[in-house]
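Remarks on the structure that follows.
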Amino acid sequence: MPNKQQQHQPQRLAGGGAGGDRRKGSKLKIKSVSKSNIKDGGGDADDFDAWIKSRQLLKPDDQLDLTEAELGEEITKVLTTTNTNVIQNLVVYSFKESAFVQVPVAGNTVTLMEMDGSALHIDSDEAKIQMEETGEIGYPLPTLTGSFIEVEEDRASRITKGPDEDEEGEEKAAAQAAKEGEDEVGEEELEGEEEEVVEEGAAEAEAAAVEDAGEAAGAPATAPATGGRKRKLLNQFNFCERSALTYTNPRRNVETQTIPPPRSQYGANVLQWNIYDSYADDFEQQQNERDKKDEKRGGHRKDVAKKKLDKAAEAELLNKKYLKAWQILERMINQNIYEEIANDYRYWEDPADEYREQEGTLLPLWKFNYDRIRKLSVTDLLFNPMYYDLFAVCYGSHEFMKQPNEGAICFFTVKNPSYPDYIISTESGVMCCDIHPTYPFLVAIGMYDGSVAVYNLREDFEKPLYLSVGVHNKHSECAWEIKWGPDMADGEINFYSVSTDGRVFNWVLMQNDFMITTITTLFLTNGIVEGPDGTEVHLRSCGSCMKFHPSNPEIYLIGTEEGLIYKCSIAYSSKYLMTYNAHHLTVYRIDFNRFNSNIFISCSGDWRVKVWEDMRPEPLFIFDLGSSVGDVKWAPFSSTVFAACTNEGKVFVFDLNVNKYKPICVQAVVPKRKNKLTRLAFNENLPFIIVGDDKSTVTSLKLSPNLRLMVKPPKKQQYLDQNTLQVQKLDKLLSLVRELPNDMVILEAPTTTKS
């Protein structure tokens, strides 16, 4: 629609009263007042100047100056009812039709309020049916008293009249409007009266009211109604309340006379003991009533206590459920945080191994810490036999001059490297632990003060299930290693422990306590010394580690602080089956090969790692690592691969099939001057290891492909499995070592990593 270009029009500020409301049929005239009249005494000149200034045109400073041609230019603006913000092609997925369905376009109408009414239109079918049923007739349409032309002529004549005549006409119109208002009031009163009158006299009362209203107001007579009486269309949703008066029953009085109770006369003498007996009987009766009340109160108290216990049990159950939910949530958050490390842990393979021969690397993954015990050392590491991603970490101290009065064992999982899942605190340093192979929730630990304990992780693991208490129910010195044994004939669970005091104990878990049996007491072979009084004293050997034979549970090896390794049997406690002059310093660890139980390995503080064969006094291989070796373990996936850690913070990985003289991987895990590596463990299912140091930190490392090479079967023996191939590979290697040329002599000096 064409509109002229709009421009900021100057505002005209009217004086007081000049812009007032304009009533119907009235005009407000403003007379001009000259300045001379005001000066003569008609008003104040300052007020007149202010009034003149207020009527001046105000023009904004930033208003554009347009020419006459620009002001006269017409600008066309098109208004449409189409809403451009409505989305035309909106689709949603319908699960019923299994496809995307287009949503119809919303209309332009906006409903602000919607209310269902009860009124009926007089011309509707429902209203006609209601009128026919009730016999009522609606009001007829009003009729015009004059033609349309007369109304237009009357309007034109009013326009041509002058202002005075216009005022007179307006007064007449006001009088006419007042008269019509009185007529309307009369009609409203008439309608109110019609509703109150009963149906019998409705027609007469209506006619009388119409005549009285016409005489009082002098209104012109209306057109007569055609047929029947005039009744307002009633609404079928209006109801009236009706009440009725019920019949009141009369009151009646009924009198009866009963037979009087029989009477008798009684007389007796009351003495002092009769009074006492009556008081005693009454007191006893009162006591019985009090006892009954106390029993009721006691029962109520028991019920209250039982309810409290039930509530506490429910609260504890809910707390366990909440704790489990929070643990799952914490694991999800940690997996999102360490997403790259988790991907490397499962899927990363070092591509550089394809270009390296006889070398491999270790990829650092997570670091596991417990902030509360940062000053303690990692004394033992062990993976759970059932849950491959869960491992136990023992915290103690190897500084025997500054032994702390606390210790702990924590269970970490690779799903949550930020915090341990289980934490068990002890009053003494935990030096070793072992998890039962059949019941993975039972954990046995050995402590620095010589005591042992068993914990159940499924129940209240903060308190020990079994604990050795007393001087005679524990080792007199540090318990270095602990191992679960096979169940006894009666089904009792038992384990073994070795200590520096030179004794090997067997601990049987009875109903409420341990049953202790001394299996072996370690004595030096040439340790007979004469005492001050001439008696002979047998010197004991100090046990430092222990390992059971994987196929024969009655055979076990014990390493000592003197560097000797004893082969012992449970059946023969007073005699050694074999003695190996293994090392010059303390033997820290012994481990059997997974594929050949006759091959075992040992490490010591004399810097050396030696590979032994059962019942052979001389070692098969000797490796010098340049510093004290804290731990050594055979790999579970290869018969020729083993790893060791040293005090210099390095991890050595050997593969005897690749190189019989040097390690194929040497990698520093912690700083040499600050930390020392103490323990090492292989994962049973995945190719990674965990290493602990003396600052309570556990580091996980993944083996590169060159460190875990599998044996390829020959073309004619494709049916052989990997286990058989690994055994054949180790036997072939041992045959080369066993069958030495006659002119070749085994050198005493071992081969070092630096040579």
Side-chain angles (χ1 to χ4, degrees), residues 319-338 341-342 345 364-397 404 406-436 439-448 453-465 482 669-670 675 677-686 688-701:
N319 290 336
K320 289 182 179 179
K321 292 182 179 179
Y322 293 151
L323 180 61
K324 186 176 181 180
W326 281 111
Q327 284 180 346
I328 295 173
L329 182 61
E330 186 180 13
R331 290 183 179 183
M332 295 170 62
I333 294 173
N334 278 280
Q335 288 180 9
N336 291 334
I337 294 174
Y338 302 105
I341 299 178
Y345 155 70
L365 298 175
W366 298 283
K367 287 188 177 181
F368 303 88
N369 289 311
Y370 183 40
D371 296 336
R372 185 179 174 184
I373 47 177
R374 282 190 174 276
K375 296 181 180 180
L376 300 180
S377 302
V378 177
T379 54
D380 200 2
L381 292 173
L382 183 67
F383 276 95
N384 193 291
M386 182 173 292
Y387 306 101
Y388 67 91
D389 57 350
L390 183 69
F391 59 92
V393 183
C394 298
Y395 293 98
S397 178
E406 63 175 350
I409 175 173
C410 299
F411 289 83
F412 289 93
T413 175
V414 296
K415 298 176 183 177
N416 182 15
S418 62
Y419 198 78
D421 282 3
Y422 301 93
I423 302 172
I424 300 174
S425 300
T426 60
E427 296 179 356
S428 180
V430 181
M431 306 306 294
C432 57
C433 73
D434 194 22
I435 302 174
H436 199 282
Y439 310 103
F441 51 87
L442 290 180
V443 181
I445 64 172
M447 289 176 274
Y448 180 77
V454 177
Y455 289 87
N456 187 357
L457 298 181
R458 291 195 307 183
E459 298 177 359
D460 188 10
F461 58 86
E462 295 181 357
K463 297 180 181 179
L465 189 64
I482 193 167
V669 179
V670 294
N675 298 5
L677 296 182
T678 56
R679 289 293 181 262
L680 177 143
F682 275 93
N683 188 276
E684 298 293 333
N685 295 350
L686 296 176
F688 76 96
I689 61 174
I690 52 176
V691 183
D693 59 14
D694 59 348
K695 300 297 182 182
S696 72
T697 302
V698 178
T699 307
S700 57
L701 305 166

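Within the 4.5 Å cutoff, the side chain of Leu680 has no heavy atoms near those of the Leu381 side chain. Under the 4.5 Å side-chain criterion, counting only non-hydrogen atoms from C-beta, Val378 is in contact with Tyr395. For the pair Arg374 and Asn369, the minimum side-chain heavy-atom distance is below 4.5 Å. Residues Ile445 and Ile482 are not in side-chain contact: their nearest non-hydrogen atoms beyond the backbone lie 4.5 Å or more apart. At least one side-chain heavy atom of Phe411 sits under 4.5 Å from a side-chain heavy atom of Ile435.
Gly396 and Leu376 get closest at one heavy-atom pair: O-CB, 3.3 Å. Between Ile409 and Ala392, the closest heavy-atom pair is CD1-CB, 4.4 Å. Asp380 and Cys432 make their closest contact through OD2-CA, 3.6 Å (heavy atoms, listed as atom of the first residue, atom of the second, distance). Closest heavy-atom contact between Pro417 and Asn334: CD-CB, 4.2 Å. Residues Phe441 and Asn456 come closest through the heavy atom pair CD1-OD1, 3.0 Å.
Note that CD1 of Ile341 and OG of Ser700 are 8.0 Å apart. Values are rounded to the nearest 0.5 Å. Remark: Leu365 CG to Leu701 CG distance equals 7.0 Å, nearest 0.5 Å. Between the OG atom of Ser418 and the CD1 atom of Ile333 there is a distance of 9.0 Å, given to the nearest 0.5 Å. Atoms SG and CE, on Cys433 and Met447 in that order, are 12.0 Å from each other to the nearest 0.5 Å.
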For this session: For side chain to side chain contact (heavy atoms under 4.5 Å, CB included), just list the numbers for Ser425 and Arg372, CA-CA rounded to whole Å, side-chain angles, deciding distance to a tenth of an Å, and then say yes or no.
Result: CA-CA 10 Å; Ser425 300; Arg372 185 179 174 184; 3.9 Å; yes
Exercise. Could you walk me through whether Trp366 and Tyr345 pass the side chain to side chain contact (heavy atoms under 4.5 Å, CB included) check?
Worked result: CA-CA 9 Å; Trp366 298 283; Tyr345 155 70; 3.5 Å; yes
Exercise. Going through the distances and angles, do Glu684 and Tyr388 end up as a side chain to side chain contact (heavy atoms under 4.5 Å, CB included)?
Worked result: CA-CA 7 Å; Glu684 298 293 333; Tyr388 67 91; 5.7 Å; no
For this session: Start with the C-alpha gap between Val443 and Leu457, add the side-chain angles, then the distance that decides, and say whether side chain to side chain contact (heavy atoms under 4.5 Å, CB included) holds.
Result: CA-CA 8 Å; Val443 181; Leu457 298 181; 4.0 Å; yes
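Under the 3.5 Å distance criterion, the side-chain polar atoms of Thr678 are left unmatched by any main-chain donor or acceptor of Thr379. Not a single donor-acceptor pair under 3.5 Å links the side chain of Asp389 to the backbone N or O of Val414.
With sequence neighbours excluded, no residue forms a ring pair (Phe, Tyr, Trp, His ring centres under 6.0 Å) with Tyr370. With sequence neighbours left out, Asp693 forms a salt bridge (Lys or Arg N to Asp or Glu O under 4.0 Å) with no residue at all.
Residue-environment remark: CZ (Phe461) exceeds the threshold of 12 foreign heavy atoms within 6.0 Å.
Under the side chain to side chain donor-acceptor pair (under 3.5 Å) criterion, no residue pair touches residues 319-329, with sequence neighbours excluded.
Residue Arg331 forms a side chain to side chain donor-acceptor pair (under 3.5 Å) with just one option from Asn416, Asp421, Thr413, Asn336, and that option is Asp421.
For Phe391 and Phe368, the ring centers sit closer than 6.0 Å to each other.
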